[in-house]
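Here is the naming used below: chain letters follow the sequence lines, and residue numbers restart at 1 for every chain. Below, all heavy atoms of this structure are taken into account, side chains as well, without hydrogens, waters or symmetry copies.
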2 protein chains.
Amino acid sequence: MLTIGSLGKKTGTKVQTIRYYEQIGLMPEPGRTEGGQRRYGDTQVDRLSFIRHSRQLGFPLEAIRELLDLSDNPDRSCHEADSIARRQLKQVELRMDRLKALRTELKRMIHECSGGNTADCKVLEVLRDHSECLTDHNAIGA
Amino acid sequence: MLTIGSLGKKTGTKVQTIRYYEQIGLMPEPGRTEGGQRRYGDTQVDRLSFIRHSRQLGFPLEAIRELLDLSDNPDRSCHEADSIARRQLKQVELRMDRLKALRTELKRMIHECSGGNTADCKVLEVLRDHSECLTDHNAIGA
DNA sequence: TCTAAATGTTCTAGCTGCTAGAGGTTCAAG
DNA sequence: CTTGAACCTCTAGCAGCTAGAACATTTAGA
């Protein structure tokens with residue numbers, strides 16, 4: 001049986017984060033010692049690894065909750081898991097597109113800056129006037 | 001003179017957001033009517049446009065604060081604005097790299113899923129076992 | 001001039017996904 | 001038996017807004 005600290009080390013998760021996952025019901029309440037400290041078994045290690053890996057792939061916690069649920073029911077159709085993953089892929093691609101536009105614009109504004117004083121700084125000028133932009137960028141909400 | 005609502009419409013900003021910017025000192029306290037309602041002039045329109053455009057380009061509010069400060073002092077060197085923009089470009093490129101790795105992995109896991117039941121779902125399998133991954137993805141903190 | 005609707009006001013709390021700190025308890029090694 | 005590391009709970013904070021309650025003001029039409 002592992003302490004919360006060892007579980008954390010094993011899965012690359014901060015102790016606080018594990019407790020947070022428990023609090024929001026993503027991790028089950030573990031057994032406790034007589035003194036009230038948490039102790040974890042292999043099942044929990046697997047579950048936390050699953051969560052962490054999903055987070056690394058950018059899945060939001062709510063999606064992970066669904067994925068865990070599917071994983072707990074081996075007889076259910078794979079279709080849902082697939083569609084959650086596809087949704088996530090769409091999100092990633094959307095964000096990539098946005099970032100690409102940002103990069104273009106940032107590069108351009110840096111490139112065109114001649115380095116005088118701020119009065120005729122191209123960077124500031126572009127920020128002041130959206131119409132100078134060539135791309136349809138919008139990072140808000142990305 | 002504009003009401004807060006009209007300013008919002010003009011700049012594509014929610015009313016609450018404008019008040020929030022005022023609260024954190026990004027927008028100055030505007031004049032008020034006798035009844036206590038905010039009224040804005042052209043200067044504020046420009047300032048809010050600057051802020052919004054910077055946000056669209058992904059600059060964090062603290063960076064925008066610096067940029068506004070530079071913009072208010074036309075005699076200062078352009079160098080700082082340039083370096084803020086370069087920093088932002090680095091951030092964008094870093095995030096793009098991460099997303100690229102995520103996309104690869106997500107695509108692969110979706111592609112390999114044959115669509116049976118969750119017991120042998122490739123998506124879930126990959127999430128369970130990080131070692132099946134080919135890329136060094138990590139969206140956490142991205 | 002009166003009234004009603006639209007818009008304004010402040011204040012508080014919520015969102016995601018953690019993270020940090022205070023102040024106290026338990027555990028394991030020596 | 002003591003010590004120090006690791007644990008406990010609880011609260012608050014981060015970015016950057018967003019939403020709602022409960023009330024006030026403004027403006028246009030009758």
[X] side chain near [N] phosphate (N/O to OP1/OP2, under 4.0 Å):
| X | N | result |
| --- | --- | --- |
| A:T3 | D:dA6 | no |
| B:R38 | C:dT7 | no |
| B:R55 | D:dA15 | no |

Could you tell me whether [X] and [Y] have a side-chain N and a carboxylate O separated by less than 4.0 Å?
| X | Y | result |
| --- | --- | --- |
| A:E125 | A:K122 | yes |
| A:R19 | A:E22 | no |
| A:E105 | A:R108 | yes |
| B:R65 | B:D69 | no |

Nearest-neighbour nucleotide for the B:K14 side chain, D:dC8, C:dT9, D:dT18 considered: D:dT18
A:T33, nearest nucleotide to its side chain (from C:dC27, C:dG8, D:dC7): C:dC27
Gap between atom [atom2] of [Y] and atom [atom1] of [X] - 0.5 Å precision:
| X | Y | atom1 | atom2 | result |
| --- | --- | --- | --- | --- |
| A:L67 | A:L61 | CG | CG | 11.5 Å |
| B:I84 | B:E66 | CD1 | CD | 4.0 Å |
| B:I18 | B:L26 | CD1 | CG | 12.0 Å |

Residues touching DNA chain D, which here means a heavy atom under 4.0 Å, drawn from residues 39-52 of chain A: none
Check: B:R47/B:Y40 side-chain N/O donor and acceptor closer than 3.5 Å: no
Minimum side-chain heavy-atom gap A:L48-A:K10 below 4.5 Å: no
Residue pair B:Q88 / B:L57, side-chain heavy-atom distance below 4.5 Å: no
Could you state the atom-to-atom distance from [atom1] of [X] to [atom2] of [N] in whole Å?
| X | N | atom1 | atom2 | value |
| --- | --- | --- | --- | --- |
| A:Q37 | D:dA6 | CD | P | 12 Å |
| B:I4 | D:dC17 | CD1 | C1' | 14 Å |
| B:E34 | C:dG8 | CD | P | 19 Å |

DNA chain C-proximal residues of residues 56-69 of chain B, any heavy atom under 4.0 Å: none
Contacting residues from residues 16-31 of chain A, given that a heavy atom lies under 4.0 angstrom of DNA chain C: A:Q16, A:T17, A:Y20, A:Y21
Main-chain N/O of A:R103 paired to A:H137 side chain as donor or acceptor, under 3.5 Å: no
